[in-house]
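Data block below; observations after.
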Amino acid sequence: MSDQGLIEADKLSVHFPIGGGLLRRPKMLRAVDEVSLSIPKGSFFGLVGESGSGKTTLGRAMLRATPITSGGVRYSDGEVEYDLVNLPKSELIEYRKRAQLIFQDPYAALSPRMTVRDIIAEPLEVMKITNSRDETDARVREIAEKCRLNLEHLRRFPHAFSGGQRQRISIARALVSSPRFVVADESVAALDVSIQADILNLLKALQQELELTYLFISHDLSVVAHICDHVAVMYLGRLVETAPTRELFTAPRHPYTKALLSAIPSLDPDQRGNAQKLEGEIPSPTNPPSGCKFHTRCPHAIDICKQTEPALDHLGSEHDVACHRWQELAHIP
């Protein structure tokens, strides 16, 4: 894995106005709040957190699929470099060829009125990557084979396939334009466990074969441990910890990360029932708490946690944590 960041976010914020009216100002939903993140070229980068933490919005912002409120996102693959915030429409079309999304739900993501061939070919035709039907068909057959789809499947409609097969179709559609950066948004969450393993192995094989860089968004830490080489933990629109996967799982520093890891199901009877229970629900992003966003649920919160937002401290070895008391709590499991 290269140290060069293929895509980097710098204090990236995505806020959505909600409510409001003639006499009321709309509230701002802070889905992503000043996130700085660098995804190395060739990495399988994991992004985890509870529902409502802003993971999907961050991924979509890095694809320029949602408006960016403030901050910056830079993409550089050695051939081209894009400032995604100020990207003109003509260059945005070119960026779409290099950055793609694999959706979560393989049932809702595919049009029931299109054949598999047409579904996979659509990006080529919309982005005018190929010049003839024969060229399009050749590219569709090539990527279908890489995604373990039979050629006879190309004539069928999505309803004829299982969830795992549909997800392979979605993956083929995302990769047919030869992207460098792929956001996989909960791309195995809707699948059975045995099918999940098959899709994860396929993603890993395609990464090596096609030299892909993934942002893998998930709420399932056991899946992240299996597939990712680096992990970022997100809570209420902010990053609270980032580290190489092995280091994060063996030596987590943030109380929220520890709580998430303790909730991973274990086959060891002695380890069952040891999950750290987080009191309350994740606060509303329209009215986030002051100071550390996690202090309302953290059992170790003190006055400074309620008053001052912690910055990401660099622990070394690519390990960063945003917690005022991480050094004091390092010995606490």
Is the number of heavy atoms from other residues, nucleotides or ligands under 6.0 Å of [X] [atom1] greater than 12?
X      : atom1 : answer
Glu211 : CD    : no
Glu81  : CD    : yes
Lys27  : NZ    : no

Exercise. Passes side chain to side chain contact (heavy atoms under 4.5 Å, CB included), Arg30 versus Thr69? Steps please.
Worked result: CA-CA 10 Å; Arg30 298 173 178 269; Thr69 304; over 6 Å; no
Should [X] and [Y] be regarded as members of a common hydrophobic cluster, given that ILVMFWY residues are connected when their side-chain heavy atoms come within less than 4.5 Å of each other, either directly or indirectly?
X      : Y      : answer
Leu210 : Ile129 : yes
Val35  : Met28  : no
Ile302 : Val321 : no
Leu202 : Ile169 : yes

Exercise. Taking side chain as C-beta onward, heavy atoms only, is Leu154 less than 4.5 Å from Ile120?
Worked result: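 In contact.
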For this session: With side chain to side chain contact (heavy atoms under 4.5 Å, CB included) as the test, would you mind laying out the steps for Leu151 and Glu145 before giving the verdict?
Result: CA-CA 8 Å; Leu151 295 183; Glu145 184 177 359; 5.7 Å; no
For a quick test of reading the model, state the closest non-hydrogen atom pair linking [X] to [Y] and the distance between them.
X      : Y      : result
Arg113 : Phe157 : O-CE2, 3.6 Å
Pro26  : Pro17  : CB-CB, 4.1 Å
Leu58  : Val32  : N-CG2, 3.7 Å
Leu329 : Pro255 : CD1-CG, 4.0 Å
Ala172 : Leu149 : CB-CD1, 4.3 Å
Gln100 : Met127 : NE2-CE, 3.9 Å

Exercise. Between Ile217, Leu6, Val231, Leu37, which is the residue that forms a side chain to side chain contact (heavy atoms under 4.5 Å, CB included) with Phe45?
Worked result: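 When Ile217, Leu6, Val231, Leu37 are each tested with Phe45, the side chain to side chain contact (heavy atoms under 4.5 Å, CB included) holds only for Leu37.
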For this session: Check each of Ile68, Asp10, Leu12 against Val85 using the side chain to side chain contact (heavy atoms under 4.5 Å, CB included) test, and report the only one that passes.
Result: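 One option only clears the test, and that one is Ile68.
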Ignoring hydrogens and geometry, is there a side-chain-to-backbone donor-acceptor pair from [X] to [Y] under 3.5 Å?
X      : Y      : answer
Lys55  : Glu50  : yes
Glu91  : Pro88  : no
Ser290 : Gln307 : no
His153 : Ala144 : no
Thr66  : Ala61  : no
Thr115 : Arg155 : no

To the closest 0.5 Å, what do you measure between [atom1] ([X]) and [atom2] ([Y])?
X      : Y      : atom1 : atom2 : value
Trp326 : Asp313 : CH2   : CG    : 7.0 Å
Ser38  : Glu318 : OG    : CD    : 9.0 Å
Leu87  : Arg74  : CG    : CZ    : 13.5 Å
Phe161 : Leu110 : CZ    : CG    : 9.5 Å
Ile227 : Phe44  : CD1   : CZ    : 4.5 Å
Leu124 : Thr136 : CG    : OG1   : 5.5 Å

Is it true that [X] and [Y] make a salt bridge, defined as a side-chain N closer than 4.0 Å to a carboxylate O?
X      : Y      : result
Asp77  : Lys41  : no
Glu125 : Arg117 : yes
Lys293 : Glu309 : yes

For this session: Give the C-alpha distance, both sets of side-chain angles, the deciding distance and a yes or no for side chain to side chain contact (heavy atoms under 4.5 Å, CB included) between Val73 and Ile7.
Result: CA-CA 7 Å; Val73 183; Ile7 187 164; 3.9 Å; yes
Exercise. When you look at Tyr75 and Arg64, which way does the side chain to side chain contact (heavy atoms under 4.5 Å, CB included) test go after all the steps?
Worked result: CA-CA 11 Å; Tyr75 171 91; Arg64 262 298 302 271; over 6 Å; no
Side-chain donor-acceptor pairs of residues 174-199 under 3.5 Å, sequence neighbours excluded:
| residue | atom | partner | partner atom | Å |
| --- | --- | --- | --- | --- |
| Ser177 | OG | Lys97 | O | 3.4 |
| Ser178 | OG | Arg139 | NH2 | 3.1 |
| Arg180 | NH2 | Glu79 | OE1 | 3.2 |
| Arg180 | NH2 | Glu79 | OE2 | 3.1 |
| Asp185 | OD1 | Thr56 | OG1 | 3.2 |
| Asp185 | OD2 | Thr56 | OG1 | 3.1 |
| Glu186 | OE1 | His219 | ND1 | 3.0 |
| Glu186 | OE2 | His219 | N | 3.3 |
| Glu186 | OE2 | His219 | ND1 | 3.1 |
| Gln196 | NE2 | Val188 | O | 3.1 |
| Gln196 | NE2 | Leu191 | O | 3.1 |
| Asp198 | OD1 | Arg148 | NH1 | 3.3 |
| Asp198 | OD2 | Arg168 | NH1 | 3.0 |

Side-chain donor-acceptor distances from residues 236-247 under 3.5 Å, at least two apart:
| residue | atom | partner | partner atom | Å |
| --- | --- | --- | --- | --- |
| Arg238 | NE | Asp33 | O | 3.2 |
| Glu241 | OE1 | Arg253 | N | 3.4 |
| Glu241 | OE1 | His254 | N | 3.0 |
| Glu241 | OE1 | Thr257 | OG1 | 2.8 |
| Glu241 | OE2 | Arg253 | N | 2.9 |
| Glu241 | OE2 | His319 | NE2 | 2.6 |
| Thr245 | OG1 | Cys228 | O | 2.8 |
| Thr245 | OG1 | Asp229 | O | 3.4 |
| Thr245 | OG1 | His230 | N | 3.1 |
| Glu247 | OE1 | Ser317 | OG | 3.2 |
| Glu247 | OE2 | His319 | ND1 | 2.8 |

